[in-house]
Every structure is written in C-alpha cells, then in structure tokens.
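Only this structure's heavy atoms are used, side chains among them; waters, hydrogens and symmetry mates stay out. Every number for a ligand or one of its atoms is a count from 1 in the order of the listing.
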Amino acid sequence: MRKPIIAGNWKMNKTAAECRELITALAPKVKDAKCDVVVCVPFTDIALAAELTKGTNIAVGAQNIAWADNGAFTGEISAAMLNEAGATYVIIGHSERRQYFGETDKTVNARLVQALKNGFNPIVCVGEMLAEREGGKTETVCRTQVVGAFEGITAEDAAKVVIAYEPVWAIGTGKTATDEQANETIGYIRSVVKELYGAKIADGMRIQYGGSMNAKNVDGLMAQDQIDGGLIGGASLKPDDFAYIVNAAK
Ligand code: PGA
C-alpha cells in the first residue's frame, strides 16, 4: 500500500506575512490527514514555514535546489541552506523551470543527485506539452524525462523519490486531465520505473498527478488505482480548498 502524498506548490506566491496567515489557517484543518502533507513555499518563506509547522503534520519543501554544494552560482540556493532553513522536501524539474529557466533532463538529474545525497525527499516533475499529447508523444516524452532524471541513481535512492506527473497543458489552465488520462499515463510512468528498477521499487513508488487539481476533481482522481496524490498549485493557496484536497486523499 502506498501512502498518498498531497503537496502544495505555492510557486511565486505569498510573502512572509501571507505565509503566516495561510499556514495558521491551514494547520488545524489538516491535522487528521491520512496522507503526507507538504507545502513547497518560496525560498524566503521556508524558515518561517518550518517554524509555523513545528509540531504539526505539515512538512515544508523548497521549489528547487542547486546541484553544487556552494560557489559562484548567482541566484541558486544550496542543499545546506535549504536544510538549515527547515525544508525536507524539494520539487525538481517543474515544467515552469523547464519552460522559462532552461531546466533540462541533465540539470534535473544533477539536482536530484544532490537532493538525495543531502537527505531530501525529492518530488520530480515530468509531463508533456499540449502539442506532444496531440501528436501521440505523451509516453515518449514521459519516458525520456524519467530515464533522464534517474540516470546513475541507485535503486535504494530511487525508492525515496516521488514523481509528479503534470501534463503541461493542465497546469494553471483549469483544464484537468481526465481521471482515465491521468491514471493511464501514471501507470505508464510506473512501468518505466519498473524497467529501470524492478517491480518492487515501481510498486512502492508514489506518483502524484498535478495540473488544475482542485476540490471538485480530487475525488475522481484519487479513486484511480495508479494515482498516489497530487501536486497542487492554485488550489494550495486557499486553506479551505487545499484542506479539502488533503482530507480527500486516503
Ligand atoms: P495548478 O499547478 O494546480 O495551478 O495547475 C500545479 C503545478 O504546477 O504544480
């Protein structure tokens, strides 16, 4: 049995004051959750979020991690910095990083290696663009991204990774994949993990769906046998909506 995991991806939203407001409202609403609960906040909110979630069942994550330990990497944040601030999860390879900030399968792999070496729980994002889905390339794209991300990673380390399948055309668009589309592609991704690491790792790996997941569609998505939770953008910014999603994941 895989324990579901619901992670909020706040993206570039919420100042420290707003972070305080959101977490204070959220914590009591999700205290009886049956799934793992994570909020992936902007770098500047991590220390505060870690402080505010102390003694709760909410874990704090970052939205990226540098591949190097330290040095001349302007604008990057290191594993040691994230660790000190209190992050235990980290999102790697989100499609917005791939689209706007030049992230590639190679850099995703380098960041994943660094996250694992430093004891983080990584959430690795994969997913196809609209033209790729329409061109019948969904599986090829997901395969390439998964194989690229896990290059050189041992089975023992791979077992610690969560994959988020996020079709790019569903992110922030209000256009969710159907339950069947999401389930089918996640099943396919699991088969790729099986090819790489065998059935035991594949069956144990948690694979989330992401892309306009909300209080209205969570029940249908979570009822699918391959879907182990969600990576939630827009709906994670509202405590009631996010709490509803969390409490629907059992
Ligand atoms: P969304 O974002 O829920 O706003 O579509 C999901 C994500 O990008 O992780």
| said: Is it the case that ligand 1 has an N or O less than 3.5 angstrom from some N or O of Ile171? | reply: no
| task | Have a look at ligand 1 and work out which part of Asn9, if any, has a heavy atom under 4.0 Å from it: side chain, backbone, both or neither. | result | side chain
| said: Need the ligand 1 atom indices (1-based, order shown) with element for anything under 4.0 Å from a heavy-atom of His94. | reply: 7 (C), 8 (O), 9 (O)
| task | May I ask you to list the atoms of ligand 1 that are less than 4.0 angstrom from any heavy atom of Ser212? | result | 1 (P), 3 (O), 5 (O)
| said: Among Gly172, Cys40, Ala7, which one puts a heavy atom closest to atom 5 (O) of ligand 1? | reply: Gly172
| Is atom CD of Glu151 surrounded by more than 12 heavy atoms (other residues, nucleotides or ligands) closer than 6.0 Å? | no
| query | Under 4.0 Å between a Lys/Arg side-chain N and an Asp/Glu carboxylate O for Asp157 and Lys117? | reply | no
| message | Around atom CD of Glu84, are there more than 12 heavy atoms from other residues, nucleotides or ligands closer than 6.0 Å? | response | no
| Can you find a non-hydrogen atom of Gly210 under 4.0 Å from ligand 1? | no
| message | Using side-chain contact (heavy atoms from CB on, under 4.5 Å), reason through Tyr188 and Arg143 one step at a time and then give a plain yes or no. | response | CA-CA 9 Å; Tyr188 175 75; Arg143 163 180 293 273; 2.9 Å; yes
| said: Salt bridge check, Lys3 against Asp228: does any charged N sit closer than 4.0 Å to a carboxylate O? | reply: no
| query | Does a donor on one side chain and an acceptor on the other come within less than 3.5 Å for Gln181 and Tyr209? | reply | no
| query | With only distance considered, is Thr173 within less than 3.5 Å of ligand 1 through an N or O on each side? | reply | no
| query | Is the closest heavy atom of Ala235 to ligand 1 under 4.0 Å? | reply | no
| Of all the atoms in ligand 1, which lie at a distance below 4.0 Å from a heavy atom belonging to Gly211? | 5 (O)
| field | Option set Ser236, Gly233, Ala164, criterion heavy-atom distance to atom 1 (P) of ligand 1, minimum | value | Gly233
| Close approach of Ala170 to ligand 1, heavy atoms, under 4.0 angstrom | yes
| query | Which residue holds the protein heavy atom closest to atom 7 (C) of ligand 1, what is that atom called, and what is the gap in Å? | reply | Glu166 OE2, 3.1 Å
| message | I'd like to check which ligand 1 atoms, numbered from 1 as shown, lie under 4.0 Å from a non-hydrogen atom of Gly234. | response | 1 (P), 3 (O), 4 (O)
| Is the closest side-chain donor-acceptor distance between Asn64 and Glu76 under 3.5 Å? | no
| Glu156 atom CD: more than 12 heavy-atom contacts under 6.0 Å | no
| query | Less than 4.0 Å between a side-chain N and a carboxylate O, is that true for Asp240 and Lys29? | reply | yes
